Peer 1: 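Following this message is one structure expressed as structure tokens.
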2 protein chains.
Amino acid sequence: MGVSNESKVPPMAAPDVNVASCPSRLILEHVTSRWGVLVLAALTDGTRRFSELRRTVGGVSEKMLAQTLQTLERDGFVHRQAHPVIPPHVDYSLTPIGEEAARQVWSLARWVESRVPDVMAARDSYEKAKQGR
Amino acid sequence: MGVSNESKVPPMAAPDVNVASCPSRLILEHVTSRWGVLVLAALTDGTRRFSELRRTVGGVSEKMLAQTLQTLERDGFVHRQAHPVIPPHVDYSLTPIGEEAARQVWSLARWVESRVPDVMAARDSYEKAKQGR
DNA sequence: CAGGATCCAGTACGATACTG
DNA sequence: CAGTATCGTACTGGATCCTG
């Protein structure tokens, strides 16, 4: 493709002004991310080890779990306690501010579960409506 | 695609048992998705048109906005009212159940914003701690 | 103006192998 | 056990063009 870049103006490369300039949007991404939500929820019950979290969350790869935990730790939501023993032993728990976040997220999660039937019904009538056109 | 499939075992294509078998996890993804959160928040203030939403949310492409709105409509969170005029006029608003979702999400968003300073501070000391090692 | 279709870059994510 | 490093892929999401 475009070997000659004579007129290859890269369409301004997307400003993304809002995402970049708005820190809260990034933080929101972290806590509402696919695995962020579930990790916070899992830690609501108390301290958990790495592999416990893997099993509790279910379906998450080592890589993504480690990455998610680091992001949340960096933001100050999760506390990481490493015990210098062999084999390694690391405990993860929520910080006070992390507990607040988890409450919000967990409350949302519980609400969603309570509404599953309604959503299923809505989807049903949505499909039905498409037929009638 | 795959012309010769003699020994081209695709690494089992990821089971994803949990995601597939758990409808609430999918719904959660929808409302906590990057643009889902912001669309719900934007509609909290009342009915909005497509291009109004684009401006209110900021940084969202037509494609993603349309896609997000459709997903939320399908799940019964958003009501879509199309007026058959030229030029086209479409109004989006929250359903009762969508308002509940928006309250949860919006409350989370406001909480995040109130905690931005704390997170910034946490990141700071996180970086500091890395230096000392 | 609202959105569908298409193309393409970036990255999110998973599998695997390796380290302390 | 708790990660890190590397690689490959699939999907996300943006730009662009097109239609009613």
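Predicted model, so just to flag it, every value in this text is computed and none were measured. Proteins get letters first, then strands, A, B, ... in listed order; numbering begins at 1 in each.
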Peer 1: At under 4.0 Å between heavy atoms, what does B/P88 touch on the DNA or RNA strands: base, sugar-phosphate, or nothing?
Peer 2: base
Peer 1: Rounded to whole Å, how long is the line connecting atom CD1 of B/I86 with atom P of D/dT19?
Peer 2: 16 Å
Peer 1: Just call it for B/Q70: base, sugar-phosphate, or nothing, with non-hydrogen atoms closer than 4.0 Å on any strand.
Peer 2: sugar-phosphate
Peer 1: In whole angstroms, how far is the P atom of D/dG13 from the CG atom of B/L38?
Peer 2: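 Interatomic distance, CG of B/L38 to P of D/dG13: 12 Å.
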Peer 1: How many angstroms lie between atom CD of A/E62 and atom CZ of A/F50, to the nearest 0.5 angstrom?
Peer 2: 6.0 Å
Peer 1: What is the distance, rounded to the nearest whole Å, between atom CZ of A/R48 and atom P of D/dA2?
Peer 2: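 Atom-to-atom, A/R48 to D/dA2, this comes out as 13 Å.
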Peer 1: When you get a sec, tell me which of C/dG14, D/dG3, C/dC1 is the closest nucleotide to the side chain of A/V90?
Peer 2: D/dG3
Peer 1: Consider the side chain of B/M64, meaning its heavy atoms from C-beta on, and name the nucleotide among C/dC13, D/dT4, D/dG14 that approaches it most closely.
Peer 2: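 So the nucleotide nearest the side chain must be D/dG14.
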Peer 1: Could you state the CG-C1' distance from A/L26 to C/dA12, rounded to the nearest angstrom?
Peer 2: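 Atom-to-atom, A/L26 to C/dA12, this comes out as 15 Å.
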Peer 1: A/S51 side chain: which of D/dG14, C/dA2, D/dC1 is closest?
Peer 2: D/dC1
Peer 1: Judged by each residue's nearest nucleotide on DNA chain D, which is more toward the 5′ side, A/K63 or A/Q67?
Peer 2: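 Closest to the 5' end, via its nearest nucleotide, is A/Q67.
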Peer 1: Would you mind checking if A/D91 and A/R48 are paired as a salt bridge, meaning a charged N to carboxylate O distance below 4.0 Å?
Peer 2: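 No, A/R48 and A/D91 are not salt-bridged.
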Peer 1: Take atom CZ of B/F50 and atom P of C/dG3, then tell me their distance rounded to the nearest Å.
Peer 2: 6 Å
Peer 1: In terms of side-chain heavy atoms, does A/Q81 have a donor or acceptor partner in A/S93 at a distance below 3.5 Å?
Peer 2: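 No pair is found: no donor N or O on one side chain lies under 3.5 Å from an acceptor on the other.
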Peer 1: Looking at every strand, decide which applies to A/R80 at a 4.0 Å heavy-atom threshold: base, sugar-phosphate, or nothing.
Peer 2: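 Here A/R80 touches the backbone only, sparing every base.
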Peer 1: Just how far, in rounded Å, is P of D/dA15 from CD of B/E62?
Peer 2: 10 Å
Peer 1: Looking only at the side chain of A/R34 (C-beta and beyond, no hydrogens), which of the listed nucleotides C/dG14, D/dG14, C/dA2 gets closest?
Peer 2: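 Ranking C/dG14, D/dG14, C/dA2 by closest atom to the A/R34 side chain puts C/dG14 first.
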Peer 1: Round to a whole Å and report the spacing from CZ of A/R54 to P of D/dT4.
Peer 2: 14 Å
Peer 1: Rounded to whole Å, please give me the gap between CG in B/D91 and P in C/dG3.
Peer 2: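 It is 10 Å, rounded to the nearest whole Å.
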Peer 1: Side-chain N or O of A/Y92 versus OP1/OP2 of D/dC1: is the shortest distance under 4.0 Å?
Peer 2: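 Checking D/dC1 against A/Y92, no side-chain N or O comes under 4.0 Å of OP1 or OP2.
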Peer 1: With respect to the phosphate group of C/dG3, does any side-chain polar atom (N or O) of B/R49 fall under 4.0 Å of OP1 or OP2?
Peer 2: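 False: B/R49 side-chain N/O out of range (4.0 Å or more) of C/dG3 OP1/OP2.
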Peer 1: Do A/V60 and A/L38 have side chains that get closer than 4.5 Å, going by heavy atoms?
Peer 2: no
Peer 1: With under 30° as parallel and over 60° as perpendicular, where do the rings of B/H89 and B/H83 fit, or are they tilted in between?
Peer 2: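 Plane angle over 60°, so perpendicular.
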Peer 1: Which nucleotide wins on minimum distance to the side chain of B/S61, given the candidates C/dC13, D/dG14, D/dG3?
Peer 2: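 The answer is D/dG14.
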